[in-house]
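Residue numbering restarts at 1 for every chain, and letters A, B, ... go by the order of the sequence lines.
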2 protein chains.
Amino acid sequence: MAHLMPSGSNHRLGNLDEKSKAIIVELQHDGRKSYSAIGKSVGLSEAAVRQRVSRLIESGVMEIVAVTDPLSLGFARQAMVGVKVRGDISKVADRLHGYDEIDYLVVTAGSFDLLVEIVCESDRHLIEFVNQELRSIDAVVDTELFMYLSLEKQKYNWGTR
Amino acid sequence: MAHLMPSGSNHRLGNLDEKSKAIIVELQHDGRKSYSAIGKSVGLSEAAVRQRVSRLIESGVMEIVAVTDPLSLGFARQAMVGVKVRGDISKVADRLHGYDEIDYLVVTAGSFDLLVEIVCESDRHLIEFVNQELRSIDAVVDTELFMYLSLEKQKYNWGTR
DNA sequence: AGTGAAACGACCGTAGA
DNA sequence: TCTACGGTCGTTTCACT
């Protein structure tokens, strides 16, 4: 995704006209909606819609994917961990990047240097992961765990309100 | 999404056979892949794949949607806010639910009662939102702000590793 | 960047095991 | 819950603007 693109790339709101935004909104509700149906509702031919969608995807503005629910798939425990780092934050971030248990990782300014979201099958797995993989890192000075009790809201349609 | 389903629902890993999991994995990479192409690679007819996908979506195991990049759309400022609440946490959560600026909202156990992710166009908008909409709530005792410096990892394919 | 048309392939409903 | 099949609709390619 574009989050990870070099910061020199400049795909901004200004590049997108009303039709592209309308296309995005339709696909945010149903990622498999046919191009011709979208074309009818936004006033473009099917080919034009397809071309725009390709460009939006290639430029990293959006992706069309299946988003799955961890609970339904047996991953019942989630937590956010605030991490305080000594030294190079990016180094720690890079090290954490590969873990399957981590599905969200942000460098922050504040009383934590990193926020790490963890998804696990069980409490046991979660605690083990935090102790053995996070807290055992030398550069990790401190961690604070926030167990998820209930996910109240989650949206993926940033930017188009 | 299924996160928001009544907690009595029990769609678990055990309900999904290898073929359904394989279908999910394909759609996690390309949400528009044709049912017949998926059928070829997992060993099912087009109709069977279609039926399974419908069931997976209807039961809340997944959804197929466009996921957009806030940066590309001009929403350059993100932050996580830890919120400490006095009294009924759900009441505060409900109140926050409708804000467009909030794209992620979790009730947590730990030194915060809520974690709130905020997406905004500018620092100014973000600060105003935190002060005027979050900190002004009576039941909100304390907040702590974590400004996002860089999003290192974000994945949506929970559960299928 | 866009349209339109023709060939092709995907999708949907239904029937049957 | 699967396969099979026919009608319909969507997608692809290409020539043109």
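Nearest-nucleotide positions on DNA chain D place B:G43 closer to the 5' end than the other of B:G43 and A:K40.
For the residue pair B:S20 and B:E18, no side-chain donor N or O sits within less than 3.5 Å of a side-chain acceptor on the partner. For the residue pair A:Y148 / A:E117, a side-chain donor-acceptor distance below 3.5 Å is found, with atom types taken as modelled.
At a threshold of 4.5 Å between non-hydrogen side-chain atoms, the residues B:V119 and B:E101 do not count as touching. A heavy-atom distance below 4.5 Å is found between the side chains of A:D123 and A:M147.
Closest to the side chain of A:S34, out of D:dT11, C:dT3, D:dT1, is D:dT11. Nearest nucleotide to the side chain of B:L44, out of D:dC2, D:dG10, C:dG2: D:dC2. Distances from the side chain of B:A48 to the nucleotides D:dT11, D:dC2, C:dC11 place D:dC2 closest.
Atom CD of A:E26 and atom P of D:dG10 are 14 Å apart (whole Å). One interatomic measurement links the two molecules: CD of B:Q51 to C1' of C:dG16, which rounds to 14 Å at whole-angstrom precision. For the pair B:E58 CD and D:dT1 C1', the interatomic distance rounds to 15 Å; values are reported in whole Å.
In terms of phosphate contacts, A:S45 brings no side-chain nitrogen or oxygen within less than 4.0 Å of OP1 or OP2 of C:dG2. The shortest distance between the side-chain N/O atoms of A:R32 and the OP1/OP2 oxygens of C:dC11 is below 4.0 Å.
Annotated stems with DNA chain D as a participant read C:3-17 with D:1-15, given as range with range, by first number; only runs of 3 or more Watson-Crick or G-U pairs under 3.5 Å qualify.
The aromatic rings of B:Y99 and B:F129 sit perpendicular to each other, their planes meeting at more than 60°, with 30° as the lower class boundary. Using bins of under 30°, 30° to 60° and over 60° for the plane-to-plane angle, the ring pair A:Y104/B:Y104 lands in the tilted bin.
Shown are A:R124, A:H125, A:Q132; of these, the side chain to side chain donor-acceptor pair (under 3.5 Å) with A:E128 is made only by A:R124. The one candidate from A:D142, A:V107, A:V141, A:V92 that meets the side-chain contact (heavy atoms from CB on, under 4.5 Å) condition with A:V85 is A:V92.
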Shorter than 3.5 Å, N or O on both sides, protein versus nucleotides 12-17 of chain D: list them out with atom names.
| from | atom 1 | to | atom 2 | distance (Å) |
| --- | --- | --- | --- | --- |
| D:dT12 | OP2 | A:R50 | NE | 3.3 |

Show the numbers, then the answer: is there a side-chain hydrogen bond (donor to acceptor under 3.5 Å, both in side chains) between B:R52 and B:Y35?
CA-CA 10 Å; B:R52 281 171 182 250; B:Y35 297 140; over 6 Å; no
